[in-house]
A.B. asks: 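The following block contains the structure, expressed as structure tokens.
Heavy-atom basis, side chains included; hydrogens, waters and symmetry copies ignored. Counting begins at 1 with the first residue of the sequence.
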Amino acid sequence: MVSGADKLRTIRKALAEAGVFDPAFEAKEIIREYTGRPMPLTGDITEAEEKAIDEAVSRRLEGEPLQYIFGKWEFYGLPFLVGEGVLIPRPETELLVDIAAKRLGKGSTVLDLFSGTGCIPISIAKTVGAKCYAVELYDAAFGYLTRNIALNGADVTAVQADALDGTLFGDLRFDAIFANPPYVTEAEMRELPANVRREPETALFGGRDGLDPYRAMIPAWAGRLKDNGFMAVETGETQGEAVSAIMRENGLLPEIVRDYSGHDRVVVGERPGGNM
Ligand code: GLN
């Protein structure tokens, strides 16, 4: 028998020695996941719990992201299944859902491109009561998308297709279009931490300057917004001005929104009303 507190200390040290970015956080998450008990942990852990913890730690030490080991992760207070082949939902992406909650009402028609797990459209459908459409190209990610829609009982229609195909969904027009496209630059790809390297390159790499998906997606979809509709896209923290320029070239009025760490994170582009 080993005490929970001792186990926490041991695995925190092992994670720190392996260069994990936030060993204290990950150690607590692992203990919480495999004991199901709240922190701070008192008393001993069982042998079965210890075995599960040790297995998770050894996978983590081999570079696998914590979220893939757990097979699930929370976003906007909702559960999402995750694993190899799909981008892990990041907390900064919740900003897109906050924007939806502020600007959209029940019954809005919303499109999400490059959906991955579906964390954006599922959270918007649940929070706003919007009718959401989600587009994802890759098989593994599309599997997670459909399972997460079912898991959350969300009103999201998923389509497996290329998000750059602006002819999808016939003549439907949208109150809002969201996207967290791949935007990591060629130089940044060479510096990715080990755990991020396990995530699909197709969800990360946005071409030499990271902007290729915006150059293709914004012209493809800007015309599918209703008058006074908007497009809200996540960007890397140095990409806000460049993405704003692409929006302007396509008739949208852009505004850069910072995330909760103070970094440029989202560009919202409004389509002006028709009869002004
Ligand atoms: N924010 C992610 C990262 O830095 C990138 C996600 C994306 O390209 N959309 O790892």
A.B. asks: Within the 4.5 Å heavy-atom criterion, are Phe142 and Leu145 side-chain neighbours or not?
C.D. replies: yes
A.B. asks: Establish, yes or no, whether a centroid distance under 6.0 Å links the rings of Phe230 and Phe178.
C.D. replies: yes
A.B. asks: Locate the shortest heavy-atom distance separating Asp171 from Arg224; write the atom from each residue and the value.
C.D. replies: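 Heavy atoms only, the tightest pair is C-NH2, 4.2 Å.
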A.B. asks: For Arg37, does its backbone N or O pair with a side-chain atom of Thr35 as donor and acceptor, under 3.5 Å?
C.D. replies: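 Indeed, once roles are kept as given, a pair shorter than 3.5 Å links the two residues.
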A.B. asks: Is it true that Val184 and Val233 fall in one hydrophobic cluster, defined by side-chain heavy atoms closer than 4.5 Å?
C.D. replies: no
A.B. asks: I'd like to know if the side chain of Glu136 reaches the main chain of Tyr138, judged simply by a donor and an acceptor atom lying under 3.5 Å from each other, with no hydrogens or angles considered.
C.D. replies: yes
A.B. asks: Hey, are Glu55 and Lys51 close enough for a salt bridge, meaning a charged N less than 4.0 Å from a carboxylate O?
C.D. replies: yes
A.B. asks: Holding to side chain to side chain donor-acceptor pair (under 3.5 Å), I want the full list of residues that pass it with Arg59, two or more places apart in sequence or in another chain.
C.D. replies: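 Arg59 satisfies side chain to side chain donor-acceptor pair (under 3.5 Å) with Glu64 once adjacent residues are dropped.
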A.B. asks: Could you tell me whether the side chain of Ser244 and the main chain of Gly240 form a donor-acceptor pair under 3.5 Å?
C.D. replies: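 Side chain of Ser244 to backbone of Gly240: a pair is present.
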A.B. asks: Applying a strict under-4.5 Å side-chain criterion to I, L, V, M, F, W and Y, I'd like to know whether Val243 and Tyr183 cluster together.
C.D. replies: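 Yes, same cluster.
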A.B. asks: Answer yes or no: is there a side-chain heavy-atom contact under 4.5 Å between Asp227 and Arg271?
C.D. replies: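 The answer is yes; the side chains approach within 4.5 Å.
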A.B. asks: Hey, could you give me the CG/CH2 distance between Leu168 and Trp221, rounded to the nearest 0.5 Å?
C.D. replies: 4.5 Å
A.B. asks: For Glu84, is there an ion pair with Arg198 - N to carboxylate O distance below 4.0 angstrom?
C.D. replies: no
A.B. asks: Is any NZ, NE, NH1 or NH2 atom of the basic residue among Arg60 and Glu29 found under 4.0 Å from an Asp or Glu carboxylate oxygen of the other?
C.D. replies: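 The answer is no: the pair does not qualify as a salt bridge.
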A.B. asks: Kindly say whether Glu188 contributes a backbone atom to a donor-acceptor pair with the side chain of Glu191 at under 3.5 angstrom?
C.D. replies: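 Side chain of Glu191 to backbone of Glu188, a donor-acceptor pair under 3.5 Å: no, none is there.
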A.B. asks: Given 3.5 Å as the limit, does a donor-acceptor pair link the side chain of Arg265 with the main chain of Leu95, or not?
C.D. replies: no
A.B. asks: Check whether Tyr260 and Ile120 end up in the same hydrophobic cluster, where Ile, Leu, Val, Met, Phe, Trp and Tyr are linked by side-chain heavy atoms less than 4.5 Å apart.
C.D. replies: yes
A.B. asks: Enter the distance from Arg147:CZ to Leu151:CG here, rounded to the nearest 0.5 Å.
C.D. replies: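 It comes to 10.5 Å.
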A.B. asks: Could you tell me which non-hydrogen atom of Ile218 sits nearest to which non-hydrogen atom of Met247, and how far apart they are?
C.D. replies: CD1-CG, 3.9 Å
A.B. asks: Given Ile30 and Val57, is the side-chain contact (heavy atoms from CB on, under 4.5 Å) satisfied, shown in steps?
C.D. replies: CA-CA 8 Å; Ile30 290 171; Val57 171; 4.1 Å; yes
A.B. asks: Which heavy atom in Leu164 sits nearest to a heavy atom in Pro213, and how many Å separate them?
C.D. replies: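 For Leu164 versus Pro213, the nearest heavy atoms are CD2-O, 4.1 Å.
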A.B. asks: Within the 4.5 Å heavy-atom criterion, are Leu253 and Pro272 side-chain neighbours or not?
C.D. replies: yes
A.B. asks: Between Arg103 and Ile99 (side chain of the first, backbone of the second, donor and acceptor by atom type, cut-off under 3.5 Å), is there such a pair?
C.D. replies: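 Such a contact is absent between Arg103 side chain and Ile99 backbone.
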A.B. asks: Measure the shortest side-chain to side-chain distance between Leu81 and Thr117 over non-hydrogen atoms and say whether it is less than 4.5 angstrom.
C.D. replies: no
A.B. asks: Might you point out which heavy atoms bring Val128 and Gly105 nearest each other, and give the distance in Å?
C.D. replies: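 Residues Val128 and Gly105, closest heavy atoms: CG1-O, 3.5 Å.
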A.B. asks: Is there a side-chain contact (heavy atoms from CB on, under 4.5 Å) between Leu204 and Leu87? Walk through the geometry before answering.
C.D. replies: CA-CA 8 Å; Leu204 294 166; Leu87 190 79; 3.6 Å; yes
A.B. asks: Could you check whether any side-chain heavy atom of Met231 comes within less than 4.5 Å of a side-chain heavy atom of Val267, counting everything from C-beta outward?
C.D. replies: no
A.B. asks: State, to 0.1 Å, how close Gly85 and Tyr68 come at their nearest heavy-atom pair, and which atoms those are.
C.D. replies: N-OH, 4.1 Å
A.B. asks: Taking atom CG of Asp22 and atom CZ of Arg12, what is their separation to the nearest 0.5 Å?
C.D. replies: 11.0 Å
A.B. asks: Check the orientation of Phe75 and Phe80. Use parallel for under 30°, tilted for 30 to 60°, and perpendicular for over 60°.
C.D. replies: perpendicular
A.B. asks: Measure across Arg248 and Pro254 and return the closest heavy-atom pair with its distance rounded to 0.1 Å.
C.D. replies: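 Of all heavy-atom pairs spanning Arg248 and Pro254, the closest is CG-CD, 3.7 Å.
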A.B. asks: Does the pair Arg215/Glu249 count as a salt bridge with the N-to-O cut at 4.0 Å?
C.D. replies: no
A.B. asks: Tell me whether the NZ or CZ atom of Lys131 lies within the 45° cone about the ring axis of Tyr133 and under 6.0 Å from its centre.
C.D. replies: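 Because its charged atom sits under 6.0 Å from the ring centre and within 45° of the axis, Lys131 does stack over Tyr133.
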A.B. asks: If I take atom OG1 from residue Thr235 and atom CD1 from residue Ile256, how far apart are they, to the nearest 0.5 angstrom?
C.D. replies: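 The OG1 atom of Thr235 sits 7.5 Å away from the CD1 atom of Ile256.
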A.B. asks: Return yes when atom CZ of Arg90 has more than 12 non-hydrogen atoms of other residues, nucleotides or ligands closer than 6.0 Å, and no otherwise.
C.D. replies: yes
A.B. asks: Would Phe114 end up clustered with Phe169 when hydrophobic side chains under 4.5 Å apart are linked, directly or stepwise?
C.D. replies: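 As far as the 4.5 Å side-chain criterion goes, Phe169 and Phe114 are connected within one cluster.
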A.B. asks: Would Leu225 and Leu252 count as a side-chain contact (heavy atoms from CB on, under 4.5 Å) if you check the C-alpha gap in whole Å, the side-chain angles of each, and the deciding distance to 0.1 Å?
C.D. replies: CA-CA 10 Å; Leu225 288 169; Leu252 304 179; 3.9 Å; yes
A.B. asks: Quick one, Met217 and Leu113 - any side-chain contact, counting heavy atoms below 4.5 Å?
C.D. replies: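 Yes, close enough: below the 4.5 Å cut-off.
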A.B. asks: Yes or no on side-chain contact (heavy atoms from CB on, under 4.5 Å) for Val266 and Leu96, after CA distance, side-chain angles and deciding distance?
C.D. replies: CA-CA 7 Å; Val266 166; Leu96 286 175; 3.7 Å; yes
A.B. asks: Are any side-chain N or O atoms of Thr10 and backbone N or O atoms of Asp6, one a donor and one an acceptor, separated by less than 3.5 Å?
C.D. replies: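 Yes: the side chain of Thr10 pairs with the backbone of Asp6.
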A.B. asks: Measuring from Ile45:CD1 to Met1:CE, what's the distance to the nearest 0.5 Å?
C.D. replies: 9.0 Å
A.B. asks: Got Glu92 and Glu234 here, is their nearest side-chain heavy-atom distance under 4.5 Å?
C.D. replies: yes
A.B. asks: Should we say atom CD of Glu186 is surrounded by more than 12 heavy atoms from elsewhere, each under 6.0 Å from it?
C.D. replies: yes
A.B. asks: Quick one: does Asp212's side chain have a donor or acceptor within less than 3.5 Å of a partner on Arg208's backbone?
C.D. replies: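 Here the side-chain-to-backbone pair does not exist.
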A.B. asks: Using the rule given for side-chain hydrogen bond (donor to acceptor under 3.5 Å, both in side chains), can you reason through Gln67 versus Asn195, listing the C-alpha separation, both sets of side-chain angles and the distance that settles it, and then say yes or no?
C.D. replies: CA-CA 10 Å; Gln67 296 89 339; Asn195 54 313; 5.6 Å; no
A.B. asks: For residues Lys7 and Ile11, determine if any side-chain heavy atom of one lies less than 4.5 Å from a side-chain heavy atom of the other.
C.D. replies: yes
A.B. asks: Should the pair Lys28-Glu33 be classified as a salt bridge under the 4.0 Å nitrogen-to-oxygen rule?
C.D. replies: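 Glu33 and Lys28: not salt-bridged.
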A.B. asks: Quick check: does any side chain N or O of Asn152 sit under 3.5 Å from a backbone N or O of Ala154, one acting as donor and the other as acceptor?
C.D. replies: no
A.B. asks: State plainly whether one hydrophobic cluster holds both Ile88 and Phe25, where clusters connect Ile, Leu, Val, Met, Phe, Trp and Tyr through side-chain heavy atoms under 4.5 angstrom apart.
C.D. replies: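 As far as the 4.5 Å side-chain criterion goes, Phe25 and Ile88 are connected within one cluster.
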A.B. asks: Nearest 0.5 angstrom please: Asp175 CG to Lys226 NZ, how far?
C.D. replies: 3.5 Å
